[in-house]
Amino acid sequence: MTRFVDKPDFIQPAVNGPSAHLVASLSQAIHEHRLLPGTKLGEDELSEIYNVSRTVVRSALQALSHVELVELKRNRGAFVSQPTVREAREVFEARALLEPRTAHSAAERMTPEAVARLEAHIAAEHEALAEGEVGKALRLSGHFHIEISRIADQSTIAGFIERLVARSSLIIALYWKRQSALCEKHAHHALVDAFRRGDGQDAEELMKSHLLDIVSGLDLSETPKPTGSLKEILKG
C-alpha cells in the first residue's frame, strides 16, 4: 500500500533563506484555518513567536502577499487576506472552467502508481477528519485537486489551479456554512474510481458535480471574525 507523505508547504511561495520556515508555518496555519481571514499579523509579535528579526518577518510577509495569502495595508500592517463575495464567485467559476477538463486529461494519463497515491491521499483526509482536524482535512482536500492537475501533466494549468485552490482555502474559511460536509467521502472516491477505469468523460462530469457541491456549501453572507492572539494560534 502506498504511504501518503504530507507536504504542508504545497501552496506557498518558493522562498529560501531565514524567512523560509516562517513562510511555511504561516502558510500552513492559513490553509488549515487556524489563522482566519482578517487576522492581523503584527511584525513585533511574529518576531517574538518565531525568535527572528523583524527584517525576516517583513520578508516573509512580502512573499506571502505575492501569492495573495496576506494583504499589506498602508499604515496599518499585514493581515490574512479576506476575499470578497465577488472574488469567491470568480475563483470557483475559474475552477469550474479548468478542473473538469484537467480531470479528463488526468484519467487518460493515469497509472496504477498515481491511483495508489490518490487513494493514500484520501485515506489521510479521512484520518484527519476522524481526529477532528477539519482544517488539516481541508488543506489535504485542496492538495488532492492539485495532485490531479499534476498527474494530467499540464504544468501551466497546474500552476493556475494551485493559486485558485489557495484562494479557495481563504474563501471557505470565510463563507463555509456546513463543515460537516467537508470532504464528503463519495466525491473523491468516485473520482478515483473513474481514474482507475481511465474514464475521462466520467471524471470530467464528476469533477463538475464536485465543484458545484463545494459552491453549494458556501454562504456568501457570513464573515467570521478572527479570534485569539497570534501566539495562541501559532504555538497553542
Side-chain angles (χ1 to χ4, degrees), residues 5-88 91 124-125 128-129 131-143 145-146 159-176 179 182 218 222-236:
V5 178
D6 191 9
K7 296 180 179 179
D9 59 346
F10 75 100
I11 306 177
Q12 67 173 54
V15 176
N16 297 314
S19 62
H21 171 69
L22 180 53
V23 166
S25 179
L26 291 176
S27 295
Q28 185 171 351
I30 290 169
H31 290 304
E32 293 185 353
H33 294 180
R34 289 181 284 120
L35 283 175
L36 289 176
T39 301
K40 183 172 176 58
L41 303 170
E43 290 184 8
D44 288 337
E45 195 169 1
L46 288 171
S47 178
E48 178 185 346
I49 291 168
Y50 290 96
N51 194 29
V52 295
S53 69
R54 288 186 61 183
T55 300
V56 169
V57 170
R58 199 170 297 120
S59 176
L61 294 176
Q62 285 281 355
L64 290 166
S65 74
H66 293 325
V67 292
E68 300 182 298
L69 290 180
V70 166
E71 183 179 0
L72 303 178
K73 299 183 179 182
R74 187 178 180 85
N75 299 323
R76 292 183 59 196
F79 298 80
V80 178
S81 291
Q82 203 163 359
T84 65
V85 168
R86 179 175 178 176
E87 288 176 292
V91 163
E125 288 180 51
L129 281 175
E131 294 175 356
E133 296 179 302
V134 176
K136 181 179 179 180
L138 175 66
R139 174 173 59 79
L140 292 170
S141 179
H143 197 179
H145 286 253
I146 291 169
F160 290 141
I161 290 175
E162 184 163 343
R163 291 288 290 268
L164 291 168
V165 169
R167 205 70 179 155
S168 297
S169 179
L170 294 165
I171 291 165
I172 291 170
L174 278 168
Y175 304 116
W176 193 248
Q179 290 190 4
L182 177 66
L218 299 179
E222 296 183 6
T223 305
K225 303 298 182 182
T227 58
S229 71
L230 281 181
K231 185 173 289 187
E232 290 170 339
I233 293 169
L234 296 170
K235 293 295 187 181

**Q** Looking at His21, is its backbone amide N or carbonyl O close enough to the side chain of Ser25 to form a donor-acceptor pair, meaning the two atoms are under 3.5 Å apart?
**A** no
**Q** Just verifying a value: how many Å separate Ile30 CD1 and Glu32 CD, rounded to the nearest 0.5 Å?
**A** 11.0 Å
**Q** Please enumerate all residues that pass side chain to side chain donor-acceptor pair (under 3.5 Å) together with Asn51, with sequence neighbours excluded.
**A** none
**Q** According to salt bridge (charged side-chain N to carboxylate O under 4.0 Å, His left out), who are the partners of Glu45, at least two apart in sequence or on a separate chain?
**A** none
**Q** So which heavy atom on Leu22 is nearest to which on Ala60, and how close?
**A** CD2-CB, 3.6 Å
**Q** Could you go through Leu26 and Val70, starting from their C-alpha distance and side-chain angles, then the distance that decides it, and tell me whether this counts as side-chain contact (heavy atoms from CB on, under 4.5 Å)?
**A** CA-CA 10 Å; Leu26 291 176; Val70 166; over 6 Å; no
**Q** Can you check whether Leu234 reaches Leu35 side chain to side chain, under 4.5 Å on heavy atoms?
**A** yes
**Q** Rounded to the nearest 0.5 Å, how far apart are CD of Gln28 and NZ of Lys136?
**A** 8.5 Å
**Q** What is the minimum heavy-atom distance between Ser168 and Val91, and which atoms define it?
**A** OG-CG1, 3.5 Å
**Q** Quick check: closest heavy atoms across Phe79 and Gly38, and the distance to 0.1 Å?
**A** CD2-O, 3.5 Å
**Q** Rounded to the nearest 0.5 Å, how far does CD of Glu87 lie from CD1 of Ile171?
**A** 7.0 Å
**Q** Do Thr39 and Leu230 have side-chain heavy atoms sitting under 4.5 Å apart?
**A** yes
**Q** Taking Ser47 for its side chain and Glu43 for its backbone only, find out whether a donor-acceptor pair lies under 3.5 Å.
**A** no
**Q** May I have the step-by-step check of side-chain contact (heavy atoms from CB on, under 4.5 Å) for Gln82 and Leu170, ending in yes or no?
**A** CA-CA 7 Å; Gln82 203 163 359; Leu170 294 165; over 6 Å; no
**Q** Please report the closest heavy-atom contact between His145 and Ile161, naming both atoms and the distance.
**A** O-CG2, 4.5 Å
**Q** With no hydrogens and no angle check, is any side-chain donor or acceptor of Arg167 less than 3.5 Å from a backbone partner on Glu68?
**A** yes
**Q** Quick check: does any side chain N or O of Ser169 sit under 3.5 Å from a backbone N or O of Ala166, one acting as donor and the other as acceptor?
**A** no
**Q** With sequence neighbours left out, write down each residue that passes side chain to side chain donor-acceptor pair (under 3.5 Å) with Ser65, or none if nothing qualifies.
**A** none
**Q** Once salt bridge (charged side-chain N to carboxylate O under 4.0 Å, His left out) is applied, do any residues pair with Glu71, and if so which ones, sequence neighbours excluded?
**A** none
**Q** Excluding sequence neighbours, so at least two apart, what forms salt bridge (charged side-chain N to carboxylate O under 4.0 Å, His left out) with Arg74?
**A** none
**Q** To the nearest 0.5 angstrom, please state how far the CD1 atom of Ile172 sits from the CG atom of Leu138.
**A** 5.0 Å
**Q** A side-chain contact here means heavy atoms from C-beta on lying under 4.5 Å apart; do Leu174 and Leu218 qualify?
**A** no
**Q** Of all residues at least two apart in sequence or in a different chain, which pass the side chain to side chain donor-acceptor pair (under 3.5 Å) check with Ser81?
**A** none
**Q** Are the side chains of Val80 and Leu36 in contact, using a 4.5 Å heavy-atom criterion?
**A** no
**Q** Rounded to the nearest 0.5 Å, what's the gap from CG on Leu72 to CG on Leu64? Could you check?
**A** 9.0 Å
**Q** Could you tell me the separation between the CZ atom of Arg58 and the CG atom of Leu61, rounded to the nearest 0.5 Å?
**A** 9.0 Å
